[in-house]
Structures are given as C-alpha cells and as structure tokens.
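Okay, so here's the structure we're looking at.
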2 protein chains.
Amino acid sequence: MSKREKVLDTAVKMIIENGIQNTSMGKISKNSGVAVGTIYHYFESKEDLITEIYRNLKIKMLERVIENSQPMDDLYDYFKSSIKLLIKYAEENPIEFEFMERHHMSPVIDAKVKEEIENRYKKGVKKIFKMLDEEGLLKEDISLELIIQYFQSSVMGLVRSYINGEIKMTEKEIEQLIQMIWDGITK
Amino acid sequence: MSKREKVLDTAVKMIIENGIQNTSMGKISKNSGVAVGTIYHYFESKEDLITEIYRNLKIKMLERVIENSQPMDDLYDYFKSSIKLLIKYAEENPIEFEFMERHHMSPVIDAKVKEEIENRYKKGVKKIFKMLDEEGLLKEDISLELIIQYFQSSVMGLVRSYINGEIKMTEKEIEQLIQMIWDGITK
DNA sequence: TTTTTACAATTGAATGTTCATTCGGTTTGC
DNA sequence: GCAAACCGAATGAACATTCAATTGTAAAAA
C-alpha cells in the first residue's frame, strides 16, 4: 500500500471512530506512520483530504453497486438483485458506508464533488426505472423523479438502520423489505 | 428571552450555517451578546450545549408531530394526516429539522439522550401501527419492527430531500408519496 | 424603611492546549 | 546529479475552559 493510500485508509477509520474534529492531521500521521509533511505532499489541506476520501468511497460504491449490475429478463429480479448488491456492499464495508452517510450533508465536503457524484448516481439508477416504465409496471401519473426519490430514501434509510444495528436483516427480512419498496412504486 | 435561551437560539443557527467545528464558544458569545463565562454558567461544556440543543429540538418536534396527533375513524386519513403534520413541521422549521437530521448520527451527542428520544418516538409511532394491525390492514408475516423501520426511513428520507430542495412537493406530490408508502405496508 | 447579608447571575481577560500548515532539510529512485 | 518523495520540529492562530472580580436581587436583620 502506498503512503497516499495508507493515509486515506487510516483517516477514514479514525474519522468514523472519533469524528472529523477529533481527528487531527498529527494523529493521522502518527497512526498511519506517514509524516505530516508527506500528507501535505499528497493533499492540499485537511478539507481536501476529507473531500478526497468522500469522493473515492462514493465512486467505489457506485461502480460496484450500480454500474456493474447486470440487467435481467425478469425486472423484479433485476430490481431485487440491485438492492441486494447495495446491502452486500454495506455489509462488507460498514465503516465506509457509515462515513458516506454521515458526511452526505456535511458542509465540509465540496459542493461540486457532491454534485458530480449525485449526477453519476442518478444516471445509473434511471436505467432500471426507465425499463420498469417502458414495461408499464410503474404507478401512473407519478413523475420519475419522485419515484426515484422514494426508492432512494427507502433503500438508503433501511440499509443505514441495518448497519447501525437498529434492525436485524436475514434473507427473509431482506425479501420482505424489497417487496414493500416494490409495492410502493408499482401498480 | 433569557440569556440561556438566547445562547441556545443563536447556537442552533450558527451550527446549521457553519457546522459545529466552525462555531466556537467565543463566536456564540459574541453573536448572542452573552459573555463566555455566562454560557459556562448554564452549560457544563460545548458538548453539553450541543446535546441540549438536540434534545430540546427533538422533544419539540415529537410533541408537535406525534404526541398531539388526533386519531381518526378512517385509518388511511389518520396515517395521512400524521405524515402531513411532520411535513408541515419541517416546512415551518427547516433549520431545526436540518440540525436534527444532520446530527442524528453524530458521535458528539450523548448516546443516552439519543436512546431516550428514540424510545419516546417509537412509542408514539407504535400507537398508529397497532391500530392498523388490529384492523388487519398490514401485510402479513412481517414484523411490526420492520414495518415501522420502513415507514420511518421512507418518511424521514423524503422529507429531508424536500427540505434540501432535491424534490418539489405540492399537495399532489405529497398525496402520491403517502400513497406509495401506504402501499408498501398494506396488503 | 433602611441596611446588611448571602448568593445567583454575569463578565471577559488569562491560560494552556491543540491544531493545521509551513519549511528547510534528508533520503530515495532513476 | 536531479527531482520527487519524505521527514518532523517550529510557528502562529484558534479554541475550550477557568476564575477572580463585579453586579443584580431578594430576603433577613436592624
């Protein structure tokens, strides 16, 4: 692992554990074994480092979950497997997932980066909803924007409470939740 | 307004605007016209002040939205009006709402206070879901916990994106969203 | 009524700490 | 021998918190 990666890796973990304000550059240096000066060789500032962390993680998640999901003949199966991919990702990377959720609204992270990510996300999700729409499965008279927002709010919120330990999720519960979300958007 | 209230009031606004780390006790003192020493007369520490803000706002919201909602004969109407109460509250207090959402997961806020609030919330929400259950309206074989979590995730997520300006919500869209959530939980 | 007393409210300068960032220098790889 | 990678002590600003002193206040004592 390069020094740059070591810094990024250590910083995410520390920030999740103690919050941004309790994670000083000095501590990141000590914990990662990379000198303060070197951190500044790779990152302009602390804000820059944090924004970079956010950007990297979001892109990694998008690539794994949305951009690599394979369309299927049965659209309900496709819908289901997409959500399961997200759940799997969150299970395997709970720390990273929590970081993203917690800093989604943070004013520290550059607005341009947030927008870039948001657009990329919307583009990926639209693909599946366009297919559902063309098959006439979606509720009528409701805008695609609204349906996507409902979808995104439910899914992210539920995965978050799963990761936070607020609910248990075995295979059975996952199937039930996906069914609920599906019933919300289809006729 | 007492000095104590002045401090609380100024602090919420500043924290929403600039985040916790950019809101120093010195600045709160200057903006509120209350000396630093006086702030420490009323609050043990900065953490204590922030936790107090969180607690006050949550309780205010719970009282307005849940604990004062009046049961109705038609359960769909009751369900609908409860969600509308929350939307109305968020519209009227967007700054406070944003503060609560942003700091819901923050490690700064005392875990005991979070739990106290969480229990109070769950208790209020359970009332309506028990009624729906007794009427046999809910989907079968799904635990009440899961249904409530689905409800809470969808509603809070959607109101949040409304307040953040990510979606528009006229009366028509509100009705549609409530219908979607309802279809998710009922047979 | 006036004076005394006690205590709560209020003040802001002073303290000690922590922190992000810089910079002059050293090491490494090519 | 050159440039990029790397180092960590030094700097100065910002900050949370403390505290000795002052003011307000309300009740008890005179």
Side-chain angles (χ1 to χ4, degrees), chain A residues 1-57 99 102-103 105-114, chain B residues 1-57 99 102-103 105-114:
Chain A
M1 209 191 296
S2 74
K3 302 236 162 193
R4 192 174 183 278
E5 284 171 320
K6 261 185 203 157
V7 170
L8 286 168
D9 199 62
T10 311
V12 199
K13 284 175 188 154
M14 293 178 70
I15 288 172
I16 278 296
E17 192 93 12
N18 312 306
I20 290 176
Q21 66 256 44
N22 291 319
T23 305
S24 68
M25 297 299 261
K27 285 180 194 162
I28 294 173
S29 161
K30 199 155 275 179
N31 279 21
S32 62
V34 177
V36 197
T38 309
I39 300 182
Y40 279 89
H41 177 70
Y42 289 111
F43 305 97
E44 267 189 18
S45 63
K46 193 184 177 185
E47 275 205 15
D48 186 52
L49 168 62
I50 290 165
T51 299
E52 186 66 17
I53 290 174
Y54 180 83
R55 198 171 169 279
N56 283 349
L57 295 183
F99 176 91
R102 192 179 288 167
H103 295 95
M105 298 184 285
S106 158
V108 179
I109 288 154
D110 189 69
K112 276 184 191 163
V113 171
K114 267 187 207 161
Chain B
M1 208 191 295
S2 75
K3 303 236 164 193
R4 193 174 182 279
E5 285 171 318
K6 261 185 206 159
V7 171
L8 286 169
D9 199 63
T10 310
V12 199
K13 284 175 190 156
M14 292 179 70
I15 289 173
I16 277 297
E17 192 94 14
N18 312 306
I20 290 177
Q21 65 254 46
N22 291 318
T23 306
S24 68
M25 297 299 260
K27 284 180 195 163
I28 295 173
S29 162
K30 199 154 277 179
N31 278 22
S32 63
V34 177
V36 197
T38 309
I39 300 182
Y40 279 89
H41 178 70
Y42 289 111
F43 306 96
E44 268 189 17
S45 63
K46 191 183 176 184
E47 276 203 13
D48 186 52
L49 169 61
I50 289 166
T51 299
E52 186 66 17
I53 290 174
Y54 180 84
R55 198 172 168 279
N56 283 350
L57 294 183
F99 176 92
R102 194 180 287 168
H103 296 96
M105 301 184 284
S106 160
V108 178
I109 288 156
D110 189 69
K112 274 185 192 163
V113 171
K114 267 188 207 162

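Because only heavy atoms are used, hydrogens play no part in the values below, and waters and symmetry mates are left out as well, while side chains stay in. Chain identifiers are assigned alphabetically (A, B, ...) following the order of the sequence lines, protein sequences preceding nucleic acid strands; residue numbering begins at 1 within each chain.
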On a heavy-atom basis, which atom in B:I50 and which in B:F99 lie closest, and how many Å separate them? O-CZ, 4.4 Å
Nearest whole angstrom, please: distance from the C1' of D:dT17 to the CG of B:D48. 13 Å
Can you tell me if the side-chain N/O atoms of A:T38 get under 4.0 Å from OP1 or OP2 in D:dA5? no
Taking the side chain as every heavy atom from C-beta outward, state whether B:V7 and B:Y42 have any atom pair closer than 4.5 Å. no
Report, as a single string ordered 5' to 3', how protein heavy atoms within less than 4.0 Å touch nucleotides 13-30 of chain C: B base, S sugar-phosphate only, - not at all. ------SSBB--------
How is B:Y42 classified with respect to the nucleic acid when contacts are heavy atoms under 4.0 Å: base, sugar-phosphate, or nothing? sugar-phosphate
Whether B:S45 side chain and B:D48 backbone form a donor-acceptor pair below 3.5 Å: yes
Residue pairs, two or more places apart or on separate chains, that pass salt bridge (Lys or Arg N to Asp or Glu O under 4.0 Å) and touch residues 10-33 of chain A: A:D9-A:K13
Would one find a side-chain N or O of B:H41 under 4.0 angstrom from OP1 or OP2 of C:dT10? no
If every non-hydrogen atom of B:T23 is compared with every non-hydrogen atom of B:K46, which pair is closest and at what distance? O-NZ, 3.0 Å
Taking the side chain as everything from C-beta on, heavy atoms only, tell me whether B:T10 gets closer than 4.5 Å to B:V34. no
In whole Å, what is the span from the CD1 atom of B:I39 to the P atom of C:dA9? 15 Å
So, is A:K3 close to the D:dC7 phosphate, meaning a side-chain N or O under 4.0 Å from OP1 or OP2? yes
